[in-house]
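The next block holds one structure in the form of structure tokens; read it before the comments.
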2 protein chains.
Amino acid sequence: MTAKTTEAVDDYLKAILELSGPAAERVTSNALAAHLDVRPASVTGMLQKLAEQQPSFVKYEKHYGVRLSELGKRRALEVQRHHRLIERFLHDVLDFAWDEVHEEAERLEHYISERLEDRIAAKLGFPETDPHGHIIPEKDGEVAERKEIALSQWPCAVPAVISSVSDRDPNALREMKRMGLVPGTGLIVKPGTRYASLLVRIGAQAPTRLSRELASGIKVVERRTLTGNARG
Amino acid sequence: MTAKTTEAVDDYLKAILELSGPAAERVTSNALAAHLDVRPASVTGMLQKLAEQQPSFVKYEKHYGVRLSELGKRRALEVQRHHRLIERFLHDVLDFAWDEVHEEAERLEHYISERLEDRIAAKLGFPETDPHGHIIPEKDGEVAERKEIALSQWPCAVPAVISSVSDRDPNALREMKRMGLVPGTGLIVKPGTRYASLLVRIGAQAPTRLSRELASGIKVVERRTLTGNARG
DNA sequence: GGCCGAAATTAGGCATGCCTAAATCATACA
DNA sequence: TGTATGATTTAGGCATGCCTAATTTCGGCC
């Protein structure tokens, strides 16, 4: 039974979860401010308030950054589960395009009840990923791990499969779909300069140039390790 | 394009709409306070702020009550449309019981986009009523009128059909369902005292006693005037 | 060890929307 | 025509969560 949160608190916890990465490293006020589009001073204020609470969602050390407590992590994962379930629901049941779901889910994730969360999951057959390939945390907070890597870091000539794509830029998402860059698609990075763009063979198509910007939003895994959860 | 509102403002507008009735009469601060579960002083403050805005959602006269402006009415109907569409969606698509939908819709109604509203309506085939029989306003603000009357005021021996029931008390709703008191059900009020309870024949059942409390949440129309929209 | 720039924090404010307590208004009734 | 009573409004506060401006801390570099 996690303590009561506001929309703002949820957003902070989710941001800390996303910025701290798999290793749960400390997150700086500045990084949070940039991610939340808020002034650093506001972040300090919020973190202090959160850290004072008993029980607390975060462990906060002045000048050294913040990380989630167990409680905070549980809440952040719950909100993330809401977000991703809602995205899949909007996409699969209500015919939203994959570039439309993020904005809607971003609002609704704070306001659905446990009951609605459960009914949505059941209706969908307990899906494992959202439309962009992100893994949906289990209700108990478990997250199936996957060692995905940014496409921009992937070595040449090694067959890869897209595991997930960033959902924060609708234009990029439309462009990706147009090029066939969706979770589950196989690709190979061709040798050549990697400065402004990558030469990539997408699926069975002829090799294409991919802007660094677009590539930065794409994560991949090795060809044979994809467990088959990601849907096209 | 109605101006931007907060959840609190939406709740005030909806409350004014519901309390002012079909004739759009003035609503008193006290009535609003009771309906919104807020102190009268808070209502005064909010109404003053709303009335000051340009353009304004309300027409407010000190000491004499408030009514909606055209703008306010449009927004109130939009929120009501959201609420009722969501109720039907939760009920029909996500297997919510009819006593569970109100609470969830009460929150979500403020946070769904136009797009989601439209997709929900389309998915449902543009329904005319919510699970409790209330008419869903059209997107343009039109409301199919219906001269329904509280069951407690209905004359004896005249065949009636339940048009709608109040959705604010889950216990009452469960009790109604158990007794077969759902929209579309026919009934006849038997002669007798109407002090604490009514003697009513529900559908084809033997006459039953109905507490005044339960009856107060039920609205009816004359048997042959129901246009067939309400579902059992 | 001291200095500098970036990062972070403190200080003081603002808007929303609620509260309680203390006036004030409207009105019915004697 | 007063006056009591209930409805309503005013006055002053509190919590949330954001802001800007000013100050402090951190950490690398000379």
Side-chain angles (χ1 to χ4, degrees), chain A residues 2-16 19-20 25-68 72 75-76 79 106-107 109-111, chain B residues 2-16 19-20 25-68 72 75-76 79 106-107 109-111:
Chain A
T2 73
K4 209 169 66 238
T5 57
T6 63
E7 174 165 353
V9 170
D10 278 351
D11 284 340
Y12 275 84
L13 298 180
K14 208 173 49 143
I16 297 169
L19 292 174
S20 64
E25 287 152 13
R26 284 181 312 211
V27 176
T28 66
S29 299
N30 249 11
L32 275 175
H35 193 269
L36 292 167
D37 195 20
V38 139
R39 286 315 116 109
S42 306
V43 172
T44 299
M46 179 60 103
L47 292 183
Q48 287 177 343
K49 201 166 37 178
L50 286 179
E52 276 166 20
Q53 287 182 349
Q54 235 9 276
S56 178
F57 289 113
V58 301
K59 284 173 233 153
Y60 171 58
E61 285 174 282
K62 251 188 204 178
H63 294 286
Y64 283 93
V66 68
R67 59 182 64 189
L68 295 174
R75 177 59 189 168
V79 176
E106 194 68 14
R107 248 175 306 114
E109 62 185 8
H110 307 290
Y111 301 108
Chain B
T2 73
K4 209 171 64 240
T5 56
T6 63
E7 174 166 353
V9 170
D10 278 351
D11 284 339
Y12 275 85
L13 298 180
K14 209 175 48 147
I16 297 169
L19 291 173
S20 64
E25 288 154 10
R26 282 183 313 211
V27 176
T28 66
S29 299
N30 249 12
L32 274 176
H35 193 270
L36 292 167
D37 194 21
V38 138
R39 287 314 116 109
S42 305
V43 173
T44 299
M46 179 61 104
L47 292 183
Q48 287 177 342
K49 200 166 37 177
L50 286 179
E52 276 165 20
Q53 286 181 350
Q54 233 12 273
S56 179
F57 290 113
V58 301
K59 285 173 230 150
Y60 171 57
E61 285 175 282
K62 251 186 205 181
H63 295 286
Y64 283 92
V66 67
R67 59 182 63 189
L68 295 174
R75 176 61 190 168
V79 177
E106 193 68 15
R107 247 175 307 116
E109 63 186 7
H110 307 290
Y111 301 108

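Side chains are part of it too, since the values below use all heavy atoms of this structure and drop only hydrogens, waters and symmetry mates. A note on names: the letters A, B, ... follow the listed sequences, proteins ahead of strands, and every chain is numbered from 1.
- Contact record, A76(A) with L13(A): CB-O, 3.7 Å, taken as the closest heavy-atom pair.
- Separating the NZ atom in K4(B) from the CZ atom in R75(B) is a distance of 12.0 Å, to the nearest 0.5 Å.
- The salt bridge (Lys or Arg N to Asp or Glu O under 4.0 Å) check on D11(B) picks up nothing, with sequence neighbours excluded.
- If you take CG of L32(B) and P of dC18(C), they are 12 Å apart, rounded to a whole angstrom.
- Note that NE2 of H35(B) and NZ of K14(B) are 8.0 Å apart. Values are rounded to the nearest 0.5 Å.
- Straight-line distance from the CG atom of L36(A) to the C1' atom of dC18(D): 12 Å, rounded to whole Å.
- Backbone-only contact: V38(A) has heavy atoms under 4.0 Å from sugar-phosphate atoms and none from a base.
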Distance-only donor-acceptor pairs under 3.5 Å for side chains of residues 41-66 of chain B, two or more places apart:
unit_1	atom_1	unit_2	atom_2	d
T44(B)	OG1	P40(B)	O	3.3
S56(B)	OG	L50(B)	O	2.9
S56(B)	OG	V58(B)	N	3.2
S56(B)	OG	V58(B)	O	3.0

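- Axis orientation changes by 30° from one end of the helix from dG1(C)-dC30(D) to dA30(C)-dT1(D) to the other, with each end axis drawn from 5 pairs and the value rounded to 10°.
- Rounding to the nearest 0.5 Å gives a distance of 4.5 Å between CD of E106(A) and CD of E109(A).
- Here OH of Y111(B) is found 8.5 Å from CG of D10(B). Values are rounded to the nearest 0.5 Å.
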Name the pairs: protein N/O against N/O of nucleotides 12-17 of chain C, kept only if under 3.5 Å.
unit_1	atom_1	unit_2	atom_2	d
dG17(C)	OP1	T6(B)	OG1	2.4

Do any N or O atoms of the protein come closer than 3.5 Å to N or O atoms of nucleotides 5-8 of chain C, and which pairs are they?
unit_1	atom_1	unit_2	atom_2	d
dA8(C)	OP2	N30(A)	N	2.8

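- Per the geometry, CZ belonging to R26(B) stands 14 Å off C1' belonging to dT8(D), to the nearest Å.
- L32(A) and A15(A) make their closest contact through CD2-CB, 3.6 Å (heavy atoms, listed as atom of the first residue, atom of the second, distance).
- In this structure, CG in L19(A) is found 8.0 Å from OG1 in T28(A), a value given to the nearest 0.5 Å.
- Between the C1' atom of dA11(D) and the CZ atom of R39(B) lies a distance of 18 Å, rounded to the nearest Å.
- Regarding contacts with the backbone of dT10(C), a side-chain N or O of Q48(A) is found under 4.0 angstrom from either OP1 or OP2.
- Remark: R67(A) pairs with no residue by the salt bridge (Lys or Arg N to Asp or Glu O under 4.0 Å) rule, at least two apart or across chains.
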